[in-house]
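Right, one structure below, let's go through it.
Chain letters run A, B, ... following the sequence lines, proteins first, then strands; residues in each count from 1.
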Amino acid sequence: MDTFLQLTVSGLSTGMIYALAAVGFVVIYKASDVINFAQGDLLLFGTYLIFFSIVQLNLPWTVGIMLTLLIAVAMGLLIERVVLRPLIGEPIISMIMVTIGLSSVLRALANALWGPQPRTFPSFLPDGVISIGTAVVGFDRVLAIPLGLALLVLLGFFFRRTRDGIAMRAIADDQQAALSMGISIPRVFAIAWAIAAVTAAIGGMMLGNIVGVSQSVAAIGLRVFPVVILGGLDSIGGAVLGGVIIGLLEVYTGGYIGHGLNLIVPYFVLIIMLMVRPYGLFGKPIIERV
Amino acid sequence: MTMECGVFHTTYTSDIALRRVPAERLRLGLFVIVVIAFPFLASPYWLNLANQIAIATVGAIGLNILVGYTGQISLGQGAFMAVGAYTAGLLTLNFGLPWGPSIVFACLVTSAIGTFFGMPSLRLKGLYLAIATLAAQEIIEWVITHWTGVTGGTEALVVPAPQLFGVRMNTDFRFYWLVVILASATALFTANLFRSRIGRAFLAVRDQDVAASVIGVNVFRYKLLAFATSSFFVGLAGALIAYYRNIVSWERFTLETSLFYLAMIIVGGLGSIRGSFFGAALITLLPALITNAGRMLQDSAPAIASQLPNIQQASFGLIIILFLVFEPKGLSKLWQNVKDYFYVWPFAYRRGEGRH
Amino acid sequence: MSVLLEFNNVEVRYDDVILVLRGLSLQVQEGQIAALLGSNGAGKTTALKATSGLLDIEDGKVTDGTIHFAGKEIQGQSADRIVRDGIFQVVEGRHVFEHLTVHENLVAGAYTRRDRSSIARDMDRVYDYFPLLADRQKQWAGYLSGGEQQMLAVGRALMARPRMLLLDEPSLGLAPVLVRGIFDIIKRINEEEGTTILLVEQNARLALSISDYAYVMEGGRVVLEGTSKEMVENEDVREFYLGLGEVGRRSYRDVKHYRRRKRWLS
Amino acid sequence: DDASDEGLRTIKIGAIFDLTGATSDVGVDYADGVRGYVEWVNAQGGIAGHTIDLFYQDYAYQVDRAEQLYSQFVQEGAVVFMGWGTGDTEALRLRITEDQIPFSSASLSHVLGDAVESPYNFLVATTYSDQFKIVLRWISEDYQARGGTGAPQVALMHNASPFGMSPWVYGGEAYAAEIGVVVTRYEMSRGATDFTAEFTRIRQAGAEYVVFQNTSAPVSVAIRSARSLGIDATFVCLNWCANALLMRLVGEDAEGLVGAMPYAPLTADVPGVQPLRDYLEERGESYTERTNAYTQGWYTFSIFAEGLRRVIDAGQDLTGHNIKIALESIRDLDMAGVTIPITFTATDHRGSKGLRLFQVENGTWTPLTDFLTAP
Amino acid sequence: MSEPDALPGLHIDRVSLRFGGVAALTDVSFNIQAGELLALIGPNGAGKTSVLNCISGLYRPQEGSIRLVSEGVEHDLTDLAPHNIAQLGVARTFQNIELFKHMTVLDNLMLGRHVHMRGGVLSSGIFLGRQRREEIAHRREVENVIDFLNLESIRRATVGNLPYGKQKLVELGRALALDPAVLLLDEPMAGMNSEEKESMARFILDVHEQSDTTPVVIDHDMDVIMDISDRVVVLDFGRVLAEGTPEEIKMNKLVIDAYLGEETIRVGSGV
Ligand SMILES: Nc1ncnc2c1ncn2[C@@H]1O[C@H](COP(=O)(O)OP(=O)(O)OP(=O)(O)O)[C@@H](O)[C@H]1O
Ligand SMILES: Nc1ncnc2c1ncn2[C@@H]1O[C@H](COP(=O)(O)OP(=O)(O)OP(=O)(O)O)[C@@H](O)[C@H]1O
Ligand SMILES: [Mg+2]
Ligand SMILES: [Mg+2]
């Protein structure tokens, strides 16, 4: 029972960390039906940027965080301008592939700027653990939960209620019609990429605190792929729920079975669930009206 | 006086031929001559690259069948190649099967496993189906590294070089002939496939699966068939790697491999056989070229040379981005443009109706 | 009356090579309804897209000539600028946002507008015109029937309150009762709000009945123009666009076979 | 004439490094160590009057790239090749035998030391399985010294790769059974942010020792998970995580960590590291930042240099075959305290069979034992 | 499959179809007799397209059955998959044009022959002997369709770039290539000018008269519909509102109110 409690608590916190890393995927998907393979590298930049601000520039924490978010926004805008904008109107697969290219470029850039050596920064979240019954979990990890929920609420509101949120979903459906409404695709894409970069920066900062500043942060981007698929590619709530489910699955398999099965069991469960709900838990179905 | 102002076909046979005009046949002839002459002129280093390109071409054509022609993104290329490589390797190693039959087996096994992972296409579409291929990548990798009794686990397999007519194919020069013949056969097979019933049905499923189903195409069956056909050739590429490298290690077949192959077909051109070859060549040659450029700079511009690793990595990404931004149809389209330019040369107008 | 929209020798190409508009010139007066007729492939849709800036996304370009709107050159400008300047196009073939509800589709139509209060009023007006849509407010537009989607597409245009409306076959797929209805609505928008309208429509009889002026396009340029009254009287228009011969309308059963040209392979 | 004389007096060596790939965290230091040695030795007048021309490239831990670079460098005349990872070393094993190119790598898998299977591979550090055996023996002694009864419980946490599995499959498993140590394996999955699940099981199993076979970054994540769960066990790192980097990454939690180091860290108090410190300081770099991968790169090459020197001194041609024979003639080569003396024979290419345990005390790796040799 | 107890044709029997709360079809029954030209009309959202979708297997009605009687055999289509229904000789076009956009006209039409061809993967890839002959034989059939519809000049054009009207023709061609027993046409005249409508009408009549194909046409153009059809079925709110000859329908008060409108009848003499 103790084990179960401990695993559940860890699984939940890991799941929320995944969710934090995953919302960026969802935002990009919502605006363009594209899976962003560079999301992991945006996370990586989040991690390195906070390192850069705090350690290299020696800024106080609050300023450092602001600067990180600011640079993240700038990066999002730049990526949109240079890489995505020329592809407006091209098939989805081109946009997806371009993010694979982008990922490689960003990785190289991070490497050129900060080198391959893992780094650390003084932890900016209070150290220590929180006990829940017999289970313990690091405070830094728990923080992912309120952060994740806050993003869920904010982005949920943005997509349902605001003009630009609706415009974003409109673009994903039909770029030409969106243009004819006077929606500026570049502007909306820019907003989407800025949001994605900011959520990635937040996730990256958390991860930097948890796993250290190293290239391995980018690998988390890929682990999150099943999370968004499970939740439904275009659902923020799905990302959170998917994150929690995958987090729990991983930790239960790791804790009760082992053998590295925790890497693949989520995939089995995922595919079985998808056979029942082909668009994930909350994803939008393809509408085939003829 | 009358003058023919174009190429007309008066029989269906000539109309459906793969090379429809004399210029095309001439080019093919030239290409064949170059391919035959190449190994006699090239150094082992270039032969090595050529062999890699030929094998990559087979794999890229395989992937293109799934991605380019049937519209299904696959992230499982690496794993499917691993299945081919391990099957071939294990058959030779454990059962002493000669390379010929064991390559065939390897292709069939890969094909079966590819089909298995294509099963979710019964329900899943688009990116949701892509997860099935990612799952394939992860699951197959896990099985290979954990099924120690059969695959040797994380240790590499040592596969003897194949024998052809009593000659051991253990040099680049000898192997060249084998891979070039198989790569050509793959290309020809695929070209044929896509000018006939099955291939058209693949394309139909990609473009509009509802319409495909109402004209009588069993969409699920053809999706599976696409997985099967694609993985067959991917398995072939894997098996060839096993025999060429003589060592099969799972580290060669990771997700990164899958992304490399995706890059090949994007840069080369989706849904194009010629593009698969171009892409395989470019993505294989790119690091080699940059290496050489970098080594020339090593003394003159050490600052640049020291950033070479990052330049390597960035250039892989950049080339994808540049192609997508400036020529989304890839090298095969560039080639087409060049041809169009010369088609009616010296007159500067182009054919009205393009073939795709 | 002043000229609101003017095409001057406009040339449009797709993919840098396919020449579609070959020196198109036309004018639409402020407050008018102008009809643009022409057979399939004449370039009507292309002309509208050239005006509203939608060519870009299809690899099309204005390669020669000018398009003026309210005295300002607009060719080559981005679509969102043009919409904000007051031109709104209802695109051909019901491009509704499938995964947005009917309501959200209408909100998207008002994207460039700032006057929140009157947006709600216009929304009611759309539901008033198209009660079928009112029943479906909360439903994804992708599940509407073809005709319902067409109503939504027109409804979106009403939400934008543009200075000039470009309509590409608004009656496509609408039931006969509604066709009449939609032309009444077009006429009313024109009269009550003074919206200038350029109308592409295959139903030439109706188009001519509400328009003031008409152009006939063929092969990428204007081959015939005149007031709508003149056009109805024109022999060619009667023959090819109104389907009226000298003896009046003939049955579709009696139409002769079109003789086929010699065929070549390739 | 002069030019050809000049040509004769350079020795071409090929090398591939991982500067950007999966193992670049330690790959960079290793590469710098190799390059450092080459520069240093050339500055000293080279090897018996021959300067070394090092062809090297990053291969990003990609096997295909490694093969390409290998054939390119060999074609350009490299007579010795420095590899890196397990995958590429395996992939090239047969090629180098055919090409007769002596080959070293940082992969310390047992098979590579088998002079019959892999006649041109030379292992210049203790194999993973030997490392593991040494550690197991130490554990069993330590356990008894602390008054433990029964069999000590050991958890082996390893990377899911040949590298990770190597200590176990090549004798580790058998040896554990032989000396009565109970070892349970746990795989560390890629990109994990947390190892709570594994440590929950480790705690249930009651392991007193946890041995890591992985690189520093993932091990640091594991150690943090363990600390937050309050796992009370002795942590032992094998070669690739027992380094300064790990210490930096885990900070205070590193206290008490045990490291199995075939090569001494630069901070160690042995004469062998002095030239390295001097070299680095001359270039304005702080040696404390460097991991022992630097030492390893430097000395790996120095051993090959010894082989080259012997060929030249014997007046023979610098062919791969001759170099191999020369290397096989090395007996008890003194390494000035960096490693135990090195010996190769015609049948055994495992040059070093010993290592030294270090422990983190007050933030520095301090020797815990003297050199221990593999059972 | 069983011995038919009904006349050749399509029999739609008490079909009901719901989507969540929306009742698209309620208890719809009517017959399409082989050899007649039936028109299906009704207001927007009445369920016309839904009927076609049920026939071609894209929608599965919750209740009722659809049976096809041809060549003396009766097939129950209700639970068949779309491709099986196509194999039985039911072809169709779509309201919104669903062509294979990136392929040529020729390939689109060759796909229409899919059900009649046999080649498998291996024989296709090798493309010798039987396979080559098959390809040529079917190409000949397709050329007949091309000839019939006057598509020669655009044979090798990519379909996506063709103007709307031409695409409609290609879609008709693809359906004809199937050599169908029943041809379902969803708004073939929409978006065409009168000249094009005339030729489209002519093509439909020719198909009807010169082959064994039974056309079913949905359209909102009453002039064409009333001129060419033998019988008309009117749907409204998912139910059959009326059924009869064009003359009867034109005079039907219910139909006038729900669909035609007074005006259409009055001005009905124009196109
Ligand atoms: N994106 C495109 N790329 C290439 N050619 C195009 C493209 N769009 C249209 N065309 C070509 O331009 C010509 C004019 O097309 P357009 O759609 O403007 O005609 P239209 O008058 O609106 O016809 P319709 O009545 O069928 O709607 C056609 O020949 C068409 O093939
Ligand atoms: N897949 C679906 N999901 C939800 N509702 C649907 C679906 N298909 C059809 N409907 C609804 O069923 C009703 C009938 O639609 P259908 O497309 O059959 O109409 P129609 O008679 O063809 O109309 P139109 O003349 O406008 O094309 C409509 O109200 C439509 O919204
Ligand atoms: Mg048009
Ligand atoms: Mg309909």
Check: Where on C/Gln149 is there a heavy atom nearer than 4.5 Å to chain A: the side chain, the backbone, both, or neither?
Finding: neither
What donor-acceptor contacts under 3.5 angstrom involve side-chain atoms of residues 72-81 of chain A, with partners at least two apart or in another chain?
unit_1	atom_1	unit_2	atom_2	d
A/Glu80	OE1	A/Arg85	NH2	3.0
A/Glu80	OE2	A/Arg85	NE	3.3

Next item on the list: Please list, in residue-number order, every residue in residues 117-133 of chain C that has a heavy atom less than 4.5 Å from any heavy atom of chain A; write 'none' if there are none.
Entry: none
Checklist line | Segment of A/Arg160 engaging chain C (4.5 angstrom heavy-atom cut-off) | finding: both
Checklist line | Segment of C/Thr112 engaging chain A (4.5 angstrom heavy-atom cut-off) | finding: both
Item checked: Distance-only polar pair, side chains of C/Glu73 and C/Gln75, donor-acceptor under 3.5 Å -> yes
Next item on the list: Sort out for me which of A/Ile286, A/Asp164, A/Leu179 touches chain C most, counting heavy-atom pairs under 4.5 Å.
Entry: A/Leu179
Check: Looking at C/Arg84, C/His99, C/Gln89, which has the largest count of heavy-atom pairs under 4.5 Å with chain A?
Finding: C/His99
Checklist line | chain C contact via A/Ala172 - which portion, at a heavy-atom distance below 4.5 Å | finding: neither
Check: For A/Pro285, is it the side chain, the backbone, both or neither that has a heavy atom under 4.5 Å from a heavy atom of chain C?
Finding: both
Next item on the list: Pick whichever of A/Ala177, A/Gly89, A/Ser180, A/Ala178 has the most heavy-atom pairs under 4.5 Å with chain C.
Entry: A/Ser180
Next item on the list: Mark yes or no: C/Arg156 above the aromatic ring of C/Phe97, with NZ or CZ under 6.0 Å from the six-membered ring centre and no more than 45 degrees from the axis.
Entry: yes
Checklist line | Contact winner vs chain A - C/Ile82, C/Leu166, C/Leu144, heavy-atom pairs under 4.5 Å | finding: C/Leu144
